[in-house]
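Note: hydrogens, waters and symmetry copies are ignored here, and every other heavy atom, side chains too, is used. Note that this is a predicted model, so its numbers are computed, not measured.
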Amino acid sequence: MANRINREQVQHVASLAKLEFTDAQLDAFTPQLDDIIGLFETLSEVDTDGVEATSSVTDQLNVMREDVADNWGQNQSLLKNAPEAARGFIKVPAIIDESEDND
């Protein structure tokens, strides 16, 4: 079986996706991706003429419920587990400190 993808192609696609792989990772991923591409090639060889398109493999239907809020009144339990809370809210570290002078 001929290789469909090589190490350089995997490295190129990784760089396009802004991913960095070690040499060991490239050596491991290249044959795995080659196998995956091989599976798609095998699927393309399947004769699907006369096969009706399938939109669902089960006869189950989605059961919809009314969109109603539930479990109200649990904020005290939540706040009790928070590291720090104030005035009914969870306190978190400031990300932007507007008090600093930005001159």
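Grouping the Ile, Leu, Val, Met, Phe, Trp and Tyr side chains by contacts below 4.5 angstrom, directly or via other members, places Val51 apart from Val46. Follow the hydrophobic side-chain contacts under 4.5 Å out from Phe40 and you reach Phe29 in the same cluster. In the hydrophobic cluster analysis, where Ile, Leu, Val, Met, Phe, Trp and Tyr join through side-chain heavy atoms closer than 4.5 angstrom, Ile36 is grouped together with Val10.
Summarising the geometry of Asp27 relative to Arg7, their closest heavy-atom pair is OD1-NE, 2.8 Å, with the distance given to 0.1 Å. Across Leu79 and Ala85, no two heavy atoms sit closer than the pair CD2-CB, 4.0 Å.
Rounded to the nearest 0.5 angstrom, Ile5 CD1 and Asp35 CG are separated by 11.0 Å. Atoms CZ and CG, on Phe89 and Asn75 in that order, are 9.5 Å from each other to the nearest 0.5 Å.
Taking Glu84 as the reference, Lys91 meet the salt bridge (Lys or Arg N to Asp or Glu O under 4.0 Å) condition, with sequence neighbours excluded.
Identified under the side-chain hydrogen bond (donor to acceptor under 3.5 Å, both in side chains) test for residues 39-51, with sequence neighbours left out: none.
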Enumerate donor-acceptor pairs with a distance under 3.5 Å from any side-chain N or O in residues 14-22 to protein atoms, sequence neighbours excluded.
from	atom 1	to	atom 2	distance (Å)
Ser15	OG	His12	O	2.7
Thr22	OG1	Gln25	N	3.1
Thr22	OG1	Gln25	OE1	3.4

